[in-house]
Amino acid sequence: MKTDFDVIVIGAGFAGMYMLHRLRGLGFSARVIEAGKGVGGTWYWNRYPGARCDVESVQYSYQFDPELEQEWEWTERYATQPEILKYANHVADRYDLRRDIRFETRVTKAAFDESDKVWLVETDKGDRVVARFVVAASGCLSAPNTPRIEGLADFAGPTYHTGNWPHEGVDFTGKTVGLIGTGSSAIQSIPIIARQARHLTVFQRTANYTIPAHNRPLDPAYVAEVKASYREMRKRAKGLPAGIDLKINMASAIETPDEERRRLYQERWDYGGFGFMAAFSDLLLNDRSNKTAADFVRAKIRETVADPATAEALAPTNIIGCKRLCVDTGYWASFNRPNVTLVDIRDTAIERITPTGLRVKGTDHAFDCLVLATGFDAMTGALLRIDIRGRGGVALKDKWSEGPKAYLGLTMAGFPNLFTITGPGSPSVLTNMLPSIEQHVDWIADCLAAMRQKGATVIEAEKSAEEAWVGHVGESAGNTLRSTCSSWYVGANIPGKPRVFMPYIGGLPAYIERCEAVVAKGYEGFAFG
Ligand code: N01
């Protein structure tokens with residue numbers, strides 16, 4: 001069968017854009033298929049009030065081209081969604097990417113044809129495209145989770161999902177708003193919606209930890225300093241587990257005297273951001289150490305929130321850092337506003353949405369607008385919403401019925417010539433996504449170039465290699481406290497989803513070393529045809 005392209009790339013977020021750039025550089029023909037009207041992926045869709053990245057802007061950016069790195073100017077410590085989207089568009093213009101992207105088109109099906117060893121890709125616009133390879137750059141947090149609450153369709157007012165926010169924005173002035181969820185998206189949007197709305201009622205199923213961002217405009221002298229030594233910063237970051245350049249204190253929290261421990265937490269709290277969890281090296285290994293950090297944050301909540309009952313309800317009881325840590329600007333203080341009410345629903349699920357609000361614990365709460373800050377079907381959702389069929393017509397959803405199985409989070413046995421960027425079983429969501437994306441894109445691009453050189457047309461993960469890697473991913477997760485709570489990392493937010501810790505927790509340096517060793521050993525664990 002004649003191919004239309006060498007490679008079909010699904011998604012034009014940061015992963016798909018860089019993949020296209022690399023493929024072009026190697027002389028492969030490629031087409032990117034993107035559901036949105038523009039590039040940017042997660043930053044195209046997540047336009048809720050207050051959306052910004054909680055990895056510092058100078059680090060949450062591409063590093064593949066030093067010129068790009070030097071010419072782009074970030075304006076704030078943590079970039080806003082509009083600024084990141086502007087950056088994504090700048091990259092698309094700078095490398096002339098748009099001409100190979102089919103926008104407003106969603107891939108609905110991809111099936112491997114065993115006789116011709118090609119992928120047949122179908123879209124919601126009726127396209128049928130044939131390609132040798134498919135690269136899924138469809139994102140880890142891109143399939144919005146709309147909760148199955150009875151009556152949702154009956155709500156008379158507008159319903160908004162933070163992960164698919166109207167492009168024209170929403171003005172809540174004078175409105176009463178009900179908001180479900182207290183994850184990162186809620187924690188960023190609540191302070192802003194609270195300032196706008198007549199009244200905001202927040203429905204909280206699990207209280208969450210958040211660290212102040214202390215966001216600020218970037219000092220030009222600091223930017224100049226970063227730019228003068230960008231390579232060194234990137235190198236340091238890649239040598240650290242999360243791919244973020246921050247200082248990790250190697251001491252144990254529990255072995256540090258109380259006063260010194262408090263001083264170190266305060267120092268990190270005052271600095272702001274994720275570095276709080278690097279105050280000690282055992283916070284996610286030892287529950288007694290973890291409790292010292294959790295107690296510190298709980299004390300901050302009690303200091304900030306005036307009403308003791310509200311403060312108590314807002315104080316999380318689980319392991320800090322088990323669910324993804326949040327970074328905020330004025331979150332706890334929002335609950336001191338007279339127009340904000342917290343409704344704790346940890347013991348009782350929402351009974352139903354009504355035309356005028358929702359009912360929980362037998363009480364009706366009325367509001368004009370409903371905001372679902374209910375997150376995503378993480379890591380597997382975007383892939384499983386496509387009907388992906390490998391050898392023998394086997395569906396990916398059947399292969400993954402007990403949880404995702406992939407070799408290095410890059411490929412799946414039984415699905416030749418299909419790659420996933422930051423797929424389950426890779427560090428992905430536990431790291432700064434940009435360096436993780438670039439590492440995967442480079443690995444895939446180099447692999448395709450190596451195949452061309454040796455005249456191979458098919459690559460497939462061996463089942464034994466996949467099983468060994470999945471086993472290693474599972475064992476590594478069991479060594480930390482991170483797999484112990486009901487987070488989206490384990491699929492707990494989606495009813496019926498298998499409970500498996502999906503990302504690889506061994507850290508970016510160990511993972512990169514492993515990927516490089518696989519290549520050095522002639523693509524160990526892969527069969528070529
Ligand atoms: O989603 P979440 P998110 N009834 O899944 C609740 C990244 N991100 O969009 O915890 C009632 O964290 C749910 O409750 P529970 C980041 O990686 C990054 O906020 O499951 N409540 C939870 O409180 C982040 O972790 C950035 O008990 C229901 C909330 O909804 C990830 O995206 C910004 C419910 C969902 O929280 C996801 O964040 C934003 C139900 N039926 C996001 N269903 C930055 O870089 C769900 N909930 C800053």
Side-chain angles (χ1 to χ4, degrees), residues 14 41-43 45-57 59-60 77-81 84 139-152 160-165 178-190 201-211 213 215 242 244 273-274 314 316-318 321-329 331 342-353 358-360 370-379 381 422 428-434 436 482 485-497 502-503:
F14 283 124
T42 206
W43 301 105
W45 300 104
N46 283 261
R47 298 174 188 237
Y48 59 84
R52 52 174 87 234
C53 184
D54 49 17
V55 174
E56 296 192 20
S57 55
Q59 300 205 49
Y60 189 82
R77 179 179 178 187
Y78 296 102
T80 59
Q81 174 272 331
I84 301 172
C140 298
L141 293 156
S142 50
N145 166 38
T146 299
R148 286 177 226 145
I149 306 174
E150 217 189 308
L152 191 55
Y160 307 104
H161 194 294
T162 46
N164 190 4
W165 200 260
L179 184 150
I180 302 175
T182 46
S184 299
S185 304
I187 282 176
Q188 288 187 329
S189 54
I190 283 169
T201 309
V202 177
F203 298 90
Q204 171 189 270
R205 185 165 73 180
T206 310
N208 224 332
Y209 295 95
T210 178
I211 307 297
N215 186 41
I244 303 176
F274 285 135
L314 284 169
T317 51
N318 56 4
C322 186
K323 280 179 187 266
R324 188 175 179 283
L325 195 63
C326 304
V327 175
D328 75 289
T329 300
Y331 175 63
L342 180 73
V343 178
D344 190 1
I345 55 167
R346 76 183 76 186
D347 301 324
T348 320
I350 293 166
E351 250 167 77
R352 61 171 301 123
I353 308 284
L358 67 75
R359 187 173 309 142
V360 65
L370 174 61
V371 175
L372 301 173
T374 45
F376 302 91
D377 184 351
M379 303 210 71
T422 62
S428 59
V429 290
L430 300 177
T431 66
N432 179 1
M433 288 302 287
L434 266 287
S436 284
R482 220 156 184 174
C485 66
S486 299
S487 67
W488 57 255
Y489 295 130
V490 297
N493 61 331
I494 306 294
K497 190 165 174 173
M502 294 181 285

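For ligands, and for the atoms within them, numbers begin at 1 and follow the listed sequence. Note that these values count all heavy atoms, side chains included, but never hydrogens, waters or copies made by symmetry.
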Closest approach of Ser428 and Pro503, non-hydrogen atoms and distance? OG-CB, 4.1 Å

Taking the side chain as every heavy atom from C-beta outward, state whether Val371 and Trp165 have any pair of such atoms under 4.5 Å apart. yes

Between Asn493 (side chain only) and Trp488 (backbone N and O only), is there a donor and an acceptor less than 3.5 Å apart? no

Could you pull out the N/O contacts under 3.5 angstrom between ligand 1 and the surrounding protein atoms?
from	atom 1	to	atom 2	distance (Å)
ligand 1	9 (O)	Ser185	OG	2.6
ligand 1	10 (O)	Thr206	OG1	3.4
ligand 1	10 (O)	Lys323	NZ	2.6
ligand 1	17 (O)	Arg324	NE	3.0
ligand 1	19 (O)	Ser184	N	2.9
ligand 1	19 (O)	Ser185	N	2.8
ligand 1	19 (O)	Ser185	OG	3.3
ligand 1	20 (O)	Arg205	NH2	2.9
ligand 1	23 (O)	Thr182	N	2.9
ligand 1	25 (O)	Trp488	NE1	3.0
ligand 1	27 (O)	Arg205	NE	2.9
ligand 1	27 (O)	Thr206	OG1	2.5
ligand 1	30 (O)	Ala373	O	3.3
ligand 1	45 (O)	Asp54	N	3.2
ligand 1	45 (O)	Asp54	OD1	3.0

For the residue pair Lys323 and Ser487, what are the closest heavy atoms and their distance? CG-CB, 3.9 Å

Backbone N or O of Gly181 within a donor-acceptor pair of the Thr374 side chain at under 3.5 Å? no

Give the table of side-chain donor-acceptor pairs shorter than 3.5 Å for residues 45-53, with sequence neighbours excluded, one pair per line with atom names and distance.
from	atom 1	to	atom 2	distance (Å)
Asn46	ND2	Thr42	O	3.0
Asn46	ND2	Thr42	OG1	3.4
Arg47	NE	Tyr44	O	2.5
Arg47	NE	His167	NE2	3.4
Arg47	NH2	Tyr44	O	3.2
Tyr48	OH	Gln188	OE1	2.6
Arg52	NH1	Glu76	OE1	3.0
Arg52	NH1	Tyr78	O	2.8

